[in-house]
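Letters A, B, ... are given to chains in the order of the sequence lines, protein chains preceding strands, and every chain is numbered from 1.
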There are 2 protein chains.
Amino acid sequence: MSTINDVSRLAGVSKATVSRVLSGSRGVKEASRQAVLKAVEELNYRPNVIAQSLLSQSTGCIGVICAQENINQTTGYLYALEKHLSQHQKHLLLRFANTQAEVMSALDELTCGLCDDVLIIGARFPLHLPHDNVILVDCAQTDVPNSIQFDHAFAAETACNYLISQGRRQIALIHPDTNGSAERVLHGYKLALENNFLPFNRSLVFMDSVSSSVALQELLNNAATLNFNALLVADEQEAQRVIAQLQAFNKSVPGDIMVFSLAGSLQLPGIPAIPAIEYSMDAMAARIVSWLTEKTQRVLGASVLRGDLITPTIRKR
Amino acid sequence: MSTINDVSRLAGVSKATVSRVLSGSRGVKEASRQAVLKAVEELNYRPNVIAQSLLSQSTGCIGVICAQENINQTTGYLYALEKHLSQHQKHLLLRFANTQAEVMSALDELTCGLCDDVLIIGARFPLHLPHDNVILVDCAQTDVPNSIQFDHAFAAETACNYLISQGRRQIALIHPDTNGSAERVLHGYKLALENNFLPFNRSLVFMDSVSSSVALQELLNNAATLNFNALLVADEQEAQRVIAQLQAFNKSVPGDIMVFSLAGSLQLPGIPAIPAIEYSMDAMAARIVSWLTEKTQRVLGASVLRGDLITPTIRKR
DNA sequence: CTGTTAGCGCCTTCAC
DNA sequence: GTGAAGGCGCTAACAG
């Protein structure tokens, strides 16, 4: 790869002039400008970004540490993030990490000058963060200067209101507390019931069961007395599992039981479309990138992102 | 962030000694070694990798440009790649690109000193590659020094042999030519039929239909005369679509028709498990990383990766 | 064993 | 307008 020295030599000017032409390029005689451009072309010269980084003390690289359990969900994050980042001349450096130790070591490796900032996505464990240029997205920890959380209470409330509007007043809820979000979900659930003057039935709620399939089993075993006709689950994966289980018991979806996913909808052939809350990855990415570019106006507490209600009739796009 | 100068000053030694302690650390008096280590600890000093990169002319960054149509497939690639790369102290810089122009511009941005090498994954269009440190994975173009292709002929042959062994002798094939791989698939298909002394029936093969759902429709319309009892499709997504379509026509899977995916198996609740060819992302990543680390022994033509036969009885793990 | 020097490629003063 | 010099943080070669 040719350097600025090669160009300056070939063009018969000094390095400074070459630099001037390629950056601000104001106050350079047209003749030497042309000479530089010609030499650049000839040598196929492109400034070394590493040398520029050393000088500017910033690389334009954003580290993204994915700590999510459900790997398939990361694709959405990554695609949206990369799209927004590259629009701002920033690069996305990807790491996967499954444990706290892995996250910390990844963080160490990325913050030695390589990355200007780091995002941690979906960590379900507490993190001790010495750095101030770390942003947490959908993580269990919320008491951090920069973090984005999904508004789980709002999602649950919206879900219940929708289900009730569809004539479903016996709403079961299965939501293992992977995230620390269960409490918020329950809050939204109760709030919606209250606002609709519906009683809260403890036996319809399963938040700490080891397996959600066992929870559904319990619901089905007591179906006669419980008489539930809607089921709130944590995400699309759960929804799919649950639908299969319901169908195995000859319960039709949504005829007998309407299944609602609190995160991500289900749009697969051969599986009934279900209502769901969907979080716009695009909105999230936009917010993050704006934090990254305008460092000043970061939030102090957690920033909250609300999801959209998607119903089988209101199809996406 | 503190620099090597801060450390040398605090430790009362020269920069060189600090550097020596932190790298080779041989031939340093124990006393000064301790002093350096103490200063490093105190200042929480870590060498700036960018400065090191400038000197060594390598960043340890590998650019990965994903040009796949099916975004969901990329997760597998990325996870396996990142795992292997980070084991070798290499970083994965991610870009998505949908068109030839986007790939080229991404390539430009990454090869200005930022990335040591670049991988392009799943590009379905021809690429003009001036760089010699670019590796193509599962791309349409094969006439490039470094590329990995999946052995589609082998996959189709294996698939047919398996289906025949299961008593399915009327094997339909739906495989739109997205990849330039259709020809190879057909070759493997024919080969297996030949070796099993079965006739080749042209009307069972659909490789250029606009929509594969139309192709299946044709097959179903002529089911009475064609009498097909197995169906080869390109990937798991297709398989899922096709299964739904078959079930809508009251064809049972695999009872009436055994569906086989030529790339990626289907392991979802509520959907019948099907036989498939699966490519080990891990094996692929390992091969790529070995190319990256031992630059000498690169292949000249395309390197070919064969997939594993996964059947519903031989479950993964 | 250790300090000094030079230079990786670039940009930014500061003189001319 | 333009060139020379200095320095970003680090390591390697060369002296001591």
Side-chain angles (χ1 to χ4, degrees), chain A residues 1-40 42-61 89 108-116, chain B residues 1-40 42-61 89 108-116:
Chain A
M1 198 52 124
S2 47
T3 79
I4 198 172
N5 279 306
D6 304 326
V7 176
S8 74
R9 209 173 306 133
L10 184 61
V13 296
S14 74
K15 296 194 296 178
T17 303
V18 175
S19 181
R20 273 190 274 259
V21 170
L22 294 178
S23 21
S25 77
R26 42 144 214 218
V28 179
K29 193 165 47 170
E30 188 57 22
S32 31
R33 218 181 72 86
Q34 290 305 330
V36 168
L37 258 26
K38 182 157 163 286
V40 164
E42 210 159 301
L43 295 168
N44 186 31
Y45 166 78
R46 279 140 64 213
N48 184 321
V49 292
I50 292 303
Q52 291 178 323
S53 295
L54 183 58
L55 204 60
S56 67
Q57 301 281 45
S58 92
T59 59
C61 288
Q89 279 77 259
D108 267 2
E109 289 179 35
L110 297 182
T111 52
C112 295
L114 224 196
C115 293
D116 299 338
Chain B
M1 197 53 122
S2 47
T3 79
I4 199 171
N5 279 305
D6 304 326
V7 177
S8 73
R9 209 172 308 132
L10 184 61
V13 296
S14 74
K15 295 196 298 179
T17 302
V18 175
S19 180
R20 273 189 275 259
V21 170
L22 294 177
S23 19
S25 79
R26 43 144 214 214
V28 178
K29 193 168 45 171
E30 188 57 23
S32 33
R33 217 179 74 87
Q34 290 304 331
V36 168
L37 257 28
K38 184 159 162 284
V40 164
E42 210 160 302
L43 296 168
N44 187 29
Y45 165 77
R46 278 139 64 213
N48 184 321
V49 292
I50 292 303
Q52 291 177 323
S53 295
L54 183 57
L55 203 60
S56 67
Q57 301 281 45
S58 91
T59 60
C61 288
Q89 277 78 257
D108 266 3
E109 289 180 35
L110 297 183
T111 52
C112 295
L114 225 196
C115 295
D116 299 338

Salt bridge (charged side-chain N to carboxylate O under 4.0 Å, His left out) pairs touching residues 9-18 of chain B, sequence neighbours excluded, are B/Asp6-B/Arg9

Just by modelled atom types, is the A/Gly113 backbone N or O under 3.5 Å from a matching donor or acceptor in the B/Asn48 side chain?
no

Atom CD1 of B/Ile4 and atom C1' of C/dG3: how far apart are they, to the nearest Å?
13 Å

So, taking the atom named CD1 in B/Ile50 and the one named OG1 in B/Thr59, what distance separates them when rounded to the nearest 0.5 Å?
7.5 Å

Protein N or O to nucleotides 4-8 of chain C N or O, pairs below 3.5 Å:
residue	atom	partner	partner atom	Å
C/dC8	O3'	B/Gln57	NE2	3.3

Looking at A/Ser56, does any N or O in its side chain come under 4.0 Å of the phosphate oxygens OP1/OP2 on D/dC8?
no

Using a 4.0 Å heavy-atom cut-off across all strands, classify B/Ser53 as base, sugar-phosphate, or nothing.
nothing

Between D/dT2, C/dC11, D/dG3, which one does the side chain of A/Val13 approach most closely?
D/dG3

Does the B/Arg46 side chain pair with the main chain of A/Asp108, one donor and one acceptor, at a distance under 3.5 Å?
yes

If I take atom CG in residue A/Asp6 and atom P in nucleotide C/dC10, what distance separates them, rounded to the nearest angstrom?
9 Å

To the nearest angstrom, how far is B/Arg46 atom CZ from D/dG9 atom P?
15 Å

Quick one: is C/dG9 close enough that its OP1 or OP2 comes under 4.0 Å of any side-chain N or O from A/Gln52?
no

Test side-chain contact (heavy atoms from CB on, under 4.5 Å) applied to B/Leu22 - qualifying residues, sequence neighbours left out
B/Val18, B/Val40, B/Tyr45, B/Pro47

Out of D/dT11, D/dG1, D/dG9, which nucleotide sits closest to the side chain of B/Asn48?
D/dG9

Starting at atom CD1 of B/Ile50, determine the distance to atom P of C/dC11, rounded to an integer number of angstrom.
15 Å

Give the rounded distance in Å between these two atoms: CD of B/Glu30 and P of C/dT2.
10 Å

Least distance between heavy atoms, B/Thr111 atom then A/Met1 atom
O-CE, 3.6 Å

